Amino acid sequence: MSDSEQVDSGIAQQFAVQAVHHTLGVRADVDSCAALTRRINGLLDQAFQHFQQDGAALACRAGCNFCCHLRVMVYPHEAIALFRYLGSRMPREQATVVRERVTRNAALVSEMAREGRTAAGLACAFLVDGKCSAYEVRPGACSGYHSLSRERCEAEYKAAGSAPEGVPVLKSLRYVAAALDDGMEQGLAALGLSKARIELHTAVAALIKSPALIQRWRSGRELLKSGGR
Ligand code: SF4
């Protein structure tokens, strides 16, 4: 990592620590979960723009959604933010459809796990008309994901997440995303909140079935008894 990348990563890490402190540290409720997710997405969006203006050939474009077919792991507060979004910001009819898809996908993910497979290749339940229907509160794993090659993303999609070459990324941006995760985990640990990541559909389906899980997480336990990995 170069000196400037180290500085960028240090700033990003501190940003995430402070973002947790100013949201969940004030009140660990559903609105704070959504606010924290928006703050992290805001910083990643700025980083994207910064590197793009600096000449980075990022291949990501609106409507390109190969990566929305990969397995996504979310922090508990990110799952709560998606759950909250379904019940508060998404048009009611669309939310009903997405909830059904979340539940169906969670069952498929569970079946795949039993067979020793990952959920790669499954379209995310929040993907509607080719776009993320919960864009403003999409998890950090989504907002930090990027590629320098659309062709390699397509190959990865066709290989259900296991193309041998993988997807080329911009190292500087990957460092920023990783530093945000580090800072987030530090901030959550400081508040005594679980940072155990869970597969997206598994987590949101569990919240749809039992919103009381939010209180379980707020009390310092893992969001799901089973872990949900
Ligand atoms: S949450 Fe949104 S951005 Fe993330 S995989 Fe699902 S549709 Fe794509």
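Everything numeric here is computed off the predicted structure, so don't read it as measured data. Note that ligands are numbered from 1 as they come in the structure, with each ligand's atoms numbered from 1 the same way.
Within a radius of less than 2.8 Å around atom 8 (Fe) of ligand 1, the protein N, O or S atoms are Cys68 SG.
For Arg101, the salt bridge (Lys or Arg N to Asp or Glu O under 4.0 Å) test picks out no residue, with sequence neighbours left out.
Ring-plane geometry between His69 and Tyr157 is classed as perpendicular, the angle between the planes exceeding 60 degrees on a 0 to 90 degree scale with a lower cut at 30.
A cation-pi arrangement, defined by a distance under 6.0 Å to the six-membered ring centre and an angle within 45 degrees of its axis, is present between Arg138 and Tyr135.
A side-chain donor from one of His22 and Gln18 sits under 3.5 Å from a side-chain acceptor of the other.
Under a 3.5 Å cut-off, the side chain of Thr23 and the backbone N or O of Ala19 do form a donor-acceptor pair.
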Check against side-chain hydrogen bond (donor to acceptor under 3.5 Å, both in side chains), His201 and Glu199
CA-CA 6 Å; His201 299 102; Glu199 193 280 327; 3.0 Å; yes
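Close approach to Pro139 involves these atoms of ligand 1, each under 4.0 Å from a residue heavy atom: 1 (S).
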